[in-house]
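Below: the structure, in structure tokens.
Position 1 is the first residue of the sequence; numbering continues from there. In each ligand, atom 1 is the first atom listed, and ligand 1 is the first ligand listed.
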Amino acid sequence: MTTALDLTNRVIAVTGSTSGIGEVLARRLAACGAAVVVNSARSASAGLSLAEELPDALYVAGDIADPGTAEALVGAVENRWGRLDGLVNNAAVTTAVPLHDIDAVTPAQWERVLSVNVIGTFLVSQAALPLLRESDDGWIINVTSIAGVRQTGSSLPYAVSKAAVDHLTTLLAKFAGGEIRVNAVAPGLVDTPWTEGWEAQRELVAATAPLHRTALPDDVADACIGIVGSRYLTGQTVVVDGGLSLMI
Ligand SMILES: NC(=O)c1ccc[n+]([C@@H]2O[C@H](COP(=O)([O-])OP(=O)(O)OC[C@H]3O[C@@H](n4cnc5c(N)ncnc54)[C@H](OP(=O)(O)O)[C@@H]3O)[C@@H](O)[C@H]2O)c1
């Protein structure tokens with residue numbers, strides 16, 4: 001028998017949650033009863049309205065690559081609720097450079113993508129760990145990508161950054177302490193503002209993947225909710241791609 005996940009009295013932070021996967025997941029976690037911290041770097045009005053709309057939520061503006069953001073986010077959580085049970089590291093950036101165009105990749109692209117996707121993810125996790133360790137069910141979910149597990153993706157720095165976060169996931173699962181569960185979800189192509197205009201890729205996925213469609217943000221949220229309820233799962237990357245990675 002399955003029961004709905006009950007997150008009453010739980011506090012969960014979702015980085016990059018004013019759009020796409022992060023926004024849908026923030027809404028789904030709130031619907032399960034959680035208090036939610038919404039974050040984005042630029043879209044402050046969307047963040048403030050989402051926090052206003054959810055039953056118990058707070059918006060914290062800040063680019064996760066800025067070390068001050070991790071401190072501000074965790075400080076705001078501590079002031080408001082005095083606890084943190086879950087962290088979803090969802091915020092990320094890319095730069096569009098075809099994977100075969102190795103000469104076109106610049107140091108500035110590497111720096112920006114790694115500083116947000118890898119270092120930012122680490123900094124927010126590091127700042128959150130003391131509160132997560134105090135929870136009786138502390139967890140982290142990192143949103144990575146099929147680009148980190150197959151030779152695909154919007155650019156080489158992006159693909160490498162997502163592979164790095166998958167490995168960070170295993171290291172934190174092993175060393176974070178406090179019985180914190182740390183897992184990653186690696187989506188295939190998801191219909192969000194990020195992939196607006198990617199019609200050729202959408203058609204390719206529909207033709208190639210065993211499940212013959214791209215993902216909706218809810219498909220990724222379903223996997224995250226499943227992981228939150230899986231109390232014996234840690235150190236894993238769950239690929240949510242309709243089977244695409246079996247074919248490429
Ligand atoms: N869509 C896909 O096909 C796909 C596939 C695989 C993996 N993913 C991963 O899924 C996650 C979400 O992607 P999405 O498609 O939902 O993207 P999205 O709709 O573009 O949303 C991205 C969110 O992250 C925020 N954000 C961006 N840079 C940030 C930063 N430096 N600091 C804090 N917040 C930041 C954005 O707000 P602001 O821009 O206002 O800051 C927005 O709220 C990412 O980790 C992405 O790599 C997506």
Side-chain angles (χ1 to χ4, degrees), residues 13-28 36-51 59-70 72-73 87-96 111-124 127 140-150 152-155 157-166 168-169 184-202 204-206 209 213-221 223-224 237-242 244-245:
V14 185
T15 65
S17 41
T18 57
S19 167
I21 295 166
E23 179 187 348
V24 168
L25 184 55
R27 290 180 185 280
R28 293 274 302 270
V36 174
V37 185
V38 177
N39 154 262
S40 70
R42 297 171 300 169
S43 46
S45 62
L48 288 166
S49 2
L50 179 58
Y59 171 66
V60 179
D63 185 328
I64 59 158
D66 171 0
T69 297
L73 199 146
L87 167 65
V88 183
N89 286 308
N90 172 72
V93 294
T94 190
T95 179
E111 274 163 30
R112 178 62 184 153
V113 171
L114 294 184
S115 66
V116 174
N117 298 8
V118 182
I119 301 174
T121 294
F122 173 75
L123 291 175
V124 178
I140 296 174
I141 296 176
N142 295 321
V143 180
T144 60
S145 173
I146 188 178
V149 293
R150 286 290 181 274
T152 183
S154 46
S155 70
Y158 176 76
V160 170
S161 76
K162 292 299 189 176
V165 176
D166 282 337
L168 175 66
T169 301
V185 164
L189 185 58
V190 190
D191 301 341
T192 71
W194 182 304
T195 58
E196 248 165 39
W198 293 22
E199 293 323 312
Q201 291 94 324
R202 228 178 290 287
L204 191 67
V205 171
R213 65 174 176 86
T214 50
L216 298 171
D218 269 309
D219 292 311
V220 182
C224 293
T237 294
V238 177
V239 179
V240 185
D241 68 347
L244 183 65
S245 55

Could you check whether [X] pairs with [Y] (Lys NZ or Arg NE/NH1/NH2 to Asp/Glu carboxylate O, under 4.0 Å)?
{"X": "Asp241", "Y": "Arg150", "result": "no"}
{"X": "Asp219", "Y": "Arg213", "result": "yes"}
{"X": "Asp63", "Y": "Arg42", "result": "no"}

Using distance only, find each side-chain donor-acceptor pair of residues 113-123 under 3.5 Å and give its atom names and separation, not counting sequence neighbours.
| residue | atom | partner | partner atom | Å |
| --- | --- | --- | --- | --- |
| Ser115 | OG | Glu111 | O | 2.8 |
| Ser115 | OG | Arg112 | O | 3.1 |
| Asn117 | OD1 | Val93 | N | 2.9 |
| Asn117 | ND2 | Val93 | O | 2.9 |
| Asn117 | ND2 | Ser161 | OG | 3.0 |
| Thr121 | OG1 | Asn117 | O | 2.7 |

Under 3.5 Å side-chain donor-acceptor pair for Thr94 and Ser154: yes
Any side-chain donor near an acceptor of the partner, Asn39 and Thr15, under 3.5 Å: no
Within the 4.0 Å heavy-atom sphere of ligand 1, strictly under, residues: Gly16, Ser17, Thr18, Ser19, Gly20, Ile21, Asn39, Ser40, Ala41, Arg42, Ser43, Gly62, Asp63, Ile64, Asn90, Ala91, Ala92, Val93, Arg112, Val116, Val143, Thr144, Ser145, Tyr158, Lys162, Pro187, Gly188, Leu189, Val190, Thr192, Pro193, Trp194, Thr195
